[in-house]
A.B. asks: 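Structure in structure tokens, see below.
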Amino acid sequence: MVGLVASFILLAAGLAGTYKGTYSGSAGASGDFVVSLTQAGNGDWKSEVTFTLGGADVKTKITSLAVDGSKVKIVYEFDLQGTALESTIVGELNGATLAGDYHTKVMADGSAVDEGTWKATSGP
């Protein structure tokens with residue numbers, strides 16, 4: 001049992017790093033995408049997500065983060081021209097590439113704004 005727990009922790013620790021890549025949405029939005037994942041000594045995870053939209057950098061506020069083996073789910077909020085939006089990204093690590101999909105909605109009423117895919121690779 002201890003070996004199983006230890007191997008799970010090592011697999012999850014493999015997610016730690018900074019992944020840089022791109023996203024592409026069904027509404028026509030696309031741009032650069034950066035996900036950083038760090039794990040504290042007590043096992044807690046932290047993340048930062050930034051992306052570009054129309055050439056401008058968009059900073060986000062992480063509201064939820066779940067790591068399960070090689071999979072990650074991150075929920076973050078950001079403001080776009082005075083509208084509060086929330087995105088949920090899910091992804092899975094395959095080699096050095098973390099990739100998945102995303103869904104973005106308006107926080108005020110939950111209406112869908114965009115959905116698409118993202119792919120980012122860790123590296124120097």
Side-chain angles (χ1 to χ4, degrees):
M1 180 72 162
V2 171
L4 180 63
V5 171
S7 64
F8 177 76
I9 290 171
L10 287 174
L11 181 60
L15 277 172
T18 298
Y19 300 85
K20 297 179 181 182
T22 59
Y23 73 94
S24 178
S26 62
S30 64
D32 295 332
F33 191 73
V34 179
V35 177
S36 296
L37 294 162
T38 55
Q39 188 176 27
N42 64 0
D44 289 345
W45 285 91
K46 290 186 180 182
S47 179
E48 291 183 14
V49 175
T50 58
F51 62 95
T52 60
L53 184 62
D57 289 335
V58 178
K59 299 198 184 297
T60 68
K61 176 185 172 190
I62 306 299
T63 59
S64 174
L65 171 62
V67 174
D68 183 7
S70 62
K71 297 179 182 178
V72 64
K73 178 180 179 181
I74 305 170
V75 180
Y76 56 87
E77 300 172 353
F78 60 99
D79 183 82
L80 185 62
Q81 298 176 347
T83 301
L85 301 174
E86 178 184 82
S87 286
T88 300
I89 65 170
V90 293
E92 186 167 7
L93 183 65
N94 186 1
T97 301
L98 187 60
D101 58 19
Y102 72 90
H103 300 274
T104 302
K105 65 182 181 180
V106 176
M107 291 181 58
D109 63 10
S111 61
V113 174
D114 192 21
E115 61 183 26
T117 59
W118 59 276
K119 182 176 181 179
T121 305
S122 67

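The figures that follow rest on heavy atoms only: side chains count, while hydrogens, waters and symmetry mates do not. Throughout, numbering of the chain's residues begins at 1 and tracks the sequence.
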A.B. asks: Output the distance between atom NZ (Lys73) and atom CG (Asp68), rounded to the nearest 0.5 Å.
C.D. replies: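 Here the rounded value is 11.5 Å.
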
A.B. asks: Can you name the residues that form a side-chain hydrogen bond (donor to acceptor under 3.5 Å, both in side chains) with Glu77, not counting sequence neighbours?
C.D. replies: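 With neighbours one apart ignored, the set is empty.
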
A.B. asks: State, without any angle test, whether Glu115 and Ser26 hold a side-chain donor-acceptor pair at a distance under 3.5 Å.
C.D. replies: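 No - no donor-acceptor pair under 3.5 Å links their side chains.
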
A.B. asks: Of all the heavy-atom pairs spanning Ser24 and Ser30, show the shortest one and how long it is.
C.D. replies: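 Nearest heavy atoms, Ser24 then Ser30: CA-CB, 4.1 Å.
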
A.B. asks: Identify the two heavy atoms, one from Asp114 and one from Ala29, that lie closest to each other, and give their separation to 0.1 Å.
C.D. replies: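 Looking at all heavy atoms of both residues, the shortest contact is OD2-CB, 3.9 Å.
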
A.B. asks: Once you round to the nearest 0.5 Å, how far does CD of Glu92 lie from CG of Leu98?
C.D. replies: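 It is 9.0 Å, given to the nearest 0.5 Å.
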
A.B. asks: How close do Val90 and Trp118 get, counting heavy atoms only, and between which atoms?
C.D. replies: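 It is O-NE1, 3.4 Å.
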
A.B. asks: For residues Gly21 and Ala120, report the shortest heavy-atom separation together with the two atoms involved.
C.D. replies: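 The pair with the smallest heavy-atom distance is N-CB, 3.7 Å.
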
A.B. asks: Once salt bridge (charged side-chain N to carboxylate O under 4.0 Å, His left out) is applied, what residue pairs with a partner in residues 101-111 remain, sequence neighbours excluded?
C.D. replies: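 Found Glu86-Lys105.
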
A.B. asks: Got Trp45 and Leu15 here, is their nearest side-chain heavy-atom distance under 4.5 Å?
C.D. replies: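 Yes - at least one pair of side-chain heavy atoms lies under 4.5 Å apart.
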
A.B. asks: What distance separates Leu93 CG from Lys71 NZ, expressed to the nearest 0.5 Å?
C.D. replies: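 These two atoms lie 12.0 Å from each other.
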
A.B. asks: Could you tell me if the side chain of Ile89 sits less than 4.5 Å from the side chain of Phe33, heavy atoms only?
C.D. replies: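 Yes, side chains in contact.
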
A.B. asks: With a cut-off of 3.5 Å and sequence neighbours excluded, list every side-chain donor-acceptor pair involving residues 46-62.
C.D. replies:
| unit_1 | atom_1 | unit_2 | atom_2 | d |
| --- | --- | --- | --- | --- |
| Ser47 | OG | Ser36 | O | 3.0 |
| Thr52 | OG1 | Asp32 | N | 2.8 |
| Thr60 | OG1 | Val49 | O | 2.6 |

